[in-house]
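For reference, the structure is listed below as structure tokens.
For this chain, numbers begin at 1 and follow the sequence in order.
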Amino acid sequence: MVATGRFVSRMQAVQSPIIPIVGELIRKNPGTISLGQGVVSYGPPPEVARSIANFLADADLNKYREVQGIPELRTAIARKLAAENAIRLDGIHQVVVTAGSNMGFVNALLAITQPGDEIVLQVPYYFNHEMAIAMASCKAVLVPTDRNYQLQVEAIEAAITDRTRAIVTISPNNPTGAVYPSEALWAVNQLCQARGIYHISDEAYEYFTYDGAVHVSPAQFDPGSQHTISLFSLSKAYGFASWRIGYMAIPARLLESVQKIQDTILICPPVISQYAALGALTAGRAYCAEKIKAIATTRLSILEAIASLESVCTMPEAEGAFYGLLALGTSMPAMTLVERLIRDHGVAVIPGTTFGMNEGCYLRVAYAALEPETVKEGCDRLVSGLKSIL
């Protein structure tokens with residue numbers, strides 16, 4: 001127990017992040033192929049280097065800058081939101097640049113809640129969302145998705161209480177790869193408006209869709225983003241994970257609160273990373289589209305391999321992000337299965353328990369972090385391992 005005398009840390013109520021735990025198992029088993037972490041194999045576009053050169057040429061940029069992000073980047077983001085997401089804001093004061101979209105979620109959470117308030121999460125959830133809610137001394141109210149990991153709007157509505165402050169959706173989804181249809185997102189957004197609560201929409205995987213699936217930003221149903229908080233990230237699409245830049249589109253009335261939070265935690269997003277982000281947005285979606293074509297091909301090989309496991313598992317055909325969530329026909333604890341796959345078969349995946357899937361055995365497979373040949377080898381190991389174990 002983390003304690004000094006009579007004091008106990010609130011962190012005791014927060015689950016431990018799973019990626020480092022699985023990472024340690026991988027280190028103890030050299031040669032393991034990881035289908036665990038959700039990053040892409042490619043790096044940022046060349047425009048990033050040119051933009052960083054502009055930063056380095058101006059010594060004044062080594063000082064603190066605006067809490068909510070440099071105006072040039074917020075302007076570029078506002079243009080992108082209008083052109084690609086149909087989100088039209090009342091000026092750049094509704095855009096906040098963050099150190100990744102996880103920080104955006106924490107900013108939103110602290111801005112709209114008091115201890116004991118409730119946030120509705122869809123199960124399976126993104127573990128960092130659930131962790132942040134616990135850290136804020138709030139309560140995550142868990143609503144199951146259906147058998148295809150799609151939203152159940154009636155169940156979401158039934159979960160709302162007087163303490164509910166927001167409903168969270170992630171589309172395209174981590175960990176399932178599900179893409180929520182426009183009708184479902186509209187229904188959730190309208191429900192939030194009617195009940196006077198916020199809709200927090202995590203759209204970190206907005207460009208990663210396949211087989212005709214279409215990403216929809218719920219804020220387009222909410223002119224001026226009056227009750228919608230939209231979270232975005234450059235980490236995935238632009239191969240930008242270590243640069244730690246994301247952004248929020250928020251109701252104007254939340255800006256003062258978000259500025260207080262961000263000034264306390266961060267002061268300002270790293271300015272060199274903001275200039276790198278300007279370069280990435282200059283390259284634009286076309287850069288990402290070429291890379292995602294290769295990921296789409298890898299996805300097809302994953303789906304084909306998983307289909308051969310029909311006797312031991314099922315996986316809805318994920319149309320977005322770069323994940324699949326396997327449901328295994330076994331009573332074996334998911335973490336036990338993960339450990340055996342790493343130790344005996346040289347392949348790592350993530351247990352479903354970390355996403356709130358505590359009934360049954362689930363595994364998340366990620367397929368964008370490695371070259372296609374390595375992903376295929378990892379998938380072959382996963383298939384043979386599951387057949388052997390189960």
Side-chain angles (χ1 to χ4, degrees), residues 11 14 17 19-20 37-40 43-45 47-49 51-52 54-56 61-78 80-81 89 92-113 126-136 166 168 170 174 200-207 229-251 254-283 288:
M11 294 303 108
V14 180
I19 299 297
Q37 194 160 24
V39 294
V40 296
E47 287 84 351
V48 166
S51 191
I52 290 172
N54 293 334
F55 167 84
L56 295 173
L61 295 176
N62 292 299
K63 300 173 183 177
Y64 294 133
R65 296 299 301 270
E66 294 84 353
V67 172
Q68 69 269 40
I70 59 174
E72 306 96 305
L73 180 55
R74 287 185 288 135
T75 299
I77 289 168
K80 176 264 180 189
L81 290 172
L89 304 173
I92 62 172
H93 62 278
Q94 287 187 259
V95 174
V96 178
V97 182
T98 59
S101 63
N102 274 1
M103 184 173 192
F105 185 82
V106 174
N107 284 351
L109 187 64
L110 295 177
I112 67 174
T113 65
Y126 173 42
F127 55 84
N128 282 138
H129 286 175
E130 190 268 345
M131 292 166 67
I133 291 166
M135 289 179 188
V168 180
I170 308 172
N174 177 13
I200 301 177
S201 174
D202 187 328
E203 304 176 38
Y205 300 89
E206 59 176 328
Y207 292 166
I229 299 169
S230 305
L231 308 178
F232 297 87
S233 172
L234 273 70
S235 294
K236 313 303 180 181
Y238 289 99
F240 220 73
S242 69
W243 290 91
R244 307 312 307 139
I245 291 291
Y247 54 95
M248 314 169 68
I250 62 174
L254 294 181
L255 179 61
E256 182 178 358
S257 295
V258 169
Q259 285 180 312
K260 290 178 183 178
I261 298 159
Q262 187 144 298
D263 182 72
T264 301
I265 297 172
L266 188 66
I267 298 183
C268 66
V271 180
I272 189 170
S273 294
Q274 293 190 69
Y275 269 77
L278 272 172
L281 292 179
T282 299
C288 311

L234 CG to L73 CG distance, which is reported to the nearest 0.5 Å: 8.0 Å
Main-chain N/O of E47 paired with S51 side-chain donor or acceptor, under 3.5 Å: no
From NZ (K63) to CG (L61), nearest 0.5 Å: 10.0 Å
Where M131 and P17 come nearest, the two heavy atoms and their spacing: CE-CD, 3.9 Å
Heavy-atom side-chain contact between E203 and L231 under 4.5 Å: no
Polar side chain donor-acceptor pair, T98 to R244, under 3.5 angstrom: no
Nearest-0.5 Å distance that lies between atom OG in S101 and atom NZ in K236: 7.5 Å
Flag for D263-Y64: side-chain donor and acceptor within less than 3.5 Å: no
Non-hydrogen side-chain atoms of V106 and L110 separated by less than 4.5 Å: yes
Atom pair CG/CG of L266 and N107 - distance to nearest 0.5 Å: 8.5 Å
Y207 versus A237, closest heavy-atom pair with distance: CD1-CB, 3.5 Å
Distance-only side-chain donor-acceptor flag, H129 / D202, under 3.5 Å: yes
Between Q68 and Q262, a side-chain donor and acceptor under 3.5 Å: no
Atom pair CD1 (I52) and OH (Y275), whose distance is rounded to the nearest 0.5 Å: 12.0 Å
Six-ring centre of F232, K80 cation under 6.0 angstrom, axis tolerance 45°: yes
Minimum side-chain heavy-atom gap F55-N62 below 4.5 Å: yes
